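Computed from heavy atoms alone, side chains included, the values below leave out hydrogens, waters and symmetry copies. Residue numbers run from 1 in the order of the sequence given. Model, not experiment: these values are computed from the prediction. In each ligand, atom 1 is the first atom listed, and ligand 1 is the first ligand listed.
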Amino acid sequence: MAINDNEHIALNSSPDSDDLRDLCSELKTRGFAKKFLHFQQAGSTNQIASDLARKGYPEGTLVVAEEQTAGRGRWQRPWHSPVGKALLFSLILRPEILPSQIPQITLVVGAAVAQAVHRQTGIRAGIKWPNDLFYQGKKFCGILVEGNVKNSLVLGIGVNVNQESDDFPPQLRSTATSLRMIKGEKVSRLPLLRRILETLEEDYEEYCRSGFASARRSWLQYEAILGRKVRIAIGGQEYCGHAVGLAEDGALLLRLPQGEEIRCSAGEVNLCREDE
Ligand code: BTN
């Protein structure tokens with residue numbers, strides 16, 4: 001597949017007038033989405049971006065799909081979205097960082113997306129460490145950072161924008177929501193995507209220039225976990241305790257019932273009821 005700067009590939013027409021193929025017309029980014037591929041249907045945008053990264057596509061290459069047939073989430077879970085109602089996209093990043101710093105990128109991204117959603121829609125998300133975005137206990141955005149291609153990362157973002165309750169599988173209805181359900185009105189995907197990319201580029205560049213401190217401050221403004229009782233699975237072992245802080249390097253600090261404090265650099269967090 002050969003593409004030129006700003007070229008996008010649309011395999012079919014988009015189902016609504018909020019046409020993501022118009023992305024570049026008003027996008028104010030320096031490098032993000034200068035190469036832009038748009039698919040009506042894809043397996044997984046992360047997989048496509050990962051293949052492109054392997055072929056040497058540059059940082060900022062953006063892959064967007066209206067629908068995914070093999071969308072993937074964290075912990076090998078599937079990620080489903082009905083056609084044209086979500087934002088489903090992946091970016092190639094090539095940060096010069098150590099593998100141990102990759103978890104910081106996930107926090108940079110979570111904070112940037114929370115800020116962009118807030119500015120664009122007025123919805124103030126809460127971030128569950130490391131980077132799931134929630135509103136009143138229901139998730140509307142998931143972020144998957146994959147680092148399996150040499151010298152690059154693929155950053156995949158799924159935002160539930162215009163789904164209604166029936167669009168979610170029954171087993172997800174009590175835990176998932178969309179921006180439309182939160183606001184009670186349709187939300188335009190195109191300006192939201194622009195805003196996310198612009199915010200993300202700015203925060204990512206700041207991270208690459210000056211390190212994690214600024215993203216950490218921003219993450220702390222949106223976090224919704226500190227002070228809460230949580231369960232976290234790390235490498236097959238489960239810990240239960242209170243989330244008490246975010247370390248300078250992005251690790252979650254957990255205080256165990258006996259008072260011992262442990263650092264969690266990766267793992268899946270679940271909020272507990274206080275009486276658990
Ligand atoms: C999570 O488990 O919360 C992360 C979900 C990430 C889903 C997005 S949708 C666009 C990109 N392509 C994928 O296959 N996954 C990510």
hydrophobic_cluster_shared for Ile234 and Leu246, side chain cutoff 4.5 Å = yes
Kindly work out whether a path of hydrophobic side-chain contacts (I/L/V/M/F/W/Y, heavy atoms less than 4.5 Å apart) joins Phe140 to Leu144.
-> no
Region of [X] engaging ligand 1 - heavy atom pairs below 4.0 Å:
X	result
Gln68	side chain
Trp75	neither
Ile157	backbone
Lys139	side chain

Show me which atoms of ligand 1 lie under 4.0 Å from any heavy atom of [X].
X	value
Asp132	3 (O)
Gly71	14 (O)
Thr45	10 (C), 11 (C), 12 (N)
Gly73	1 (C), 2 (O), 4 (C), 5 (C)
Ile143	3 (O), 4 (C)
Gly158	8 (C), 9 (S)

Nearest neighbour in protein (non-hydrogen) for atom 1 (C) of ligand 1 | Arg74 N, 3.5 Å
How far is atom 5 (C) of ligand 1 from its nearest protein heavy atom, and which residue and atom is that?
-> Trp79 CE3, 3.4 Å
Donor-acceptor pair between Gln104 and Arg216 side chains, under 3.5 angstrom = no
For the pair Glu59 and Lys35, evaluate salt bridge (charged side-chain N to carboxylate O under 4.0 Å, His left out) and give the outcome as yes or no after the intermediate values.
-> CA-CA 9 Å; Glu59 175 157 273; Lys35 289 194 189 298; over 6 Å; no
Evaluate the ring planes of Phe212 and Tyr207, with Trp represented by its six-membered ring, and classify them as parallel (under 30°), tilted (30 to 60°) or perpendicular (over 60°).
-> perpendicular
Salt-bridged, Glu223 to Lys128, with N to O below 4.0 Å?
->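 Salt bridge absent between Glu223 and Lys128.
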Centroid-centroid under 6.0 Å between Phe168 and His80 rings = no
Only one of Val154, Ile105, Val108 passes side-chain contact (heavy atoms from CB on, under 4.5 Å) with Leu93; say which it is.
-> Ile105
Does NZ or CZ of Arg124 fall inside the cone over Tyr222's six-membered ring, less than 6.0 Å from its centre and within 45° of the axis?
->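 Arg124 over Tyr222 ring: yes.
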Sub-4.0 Å heavy-atom approach of Arg72 to ligand 1 |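 Arg72: in contact with ligand 1 (<4.0 Å).
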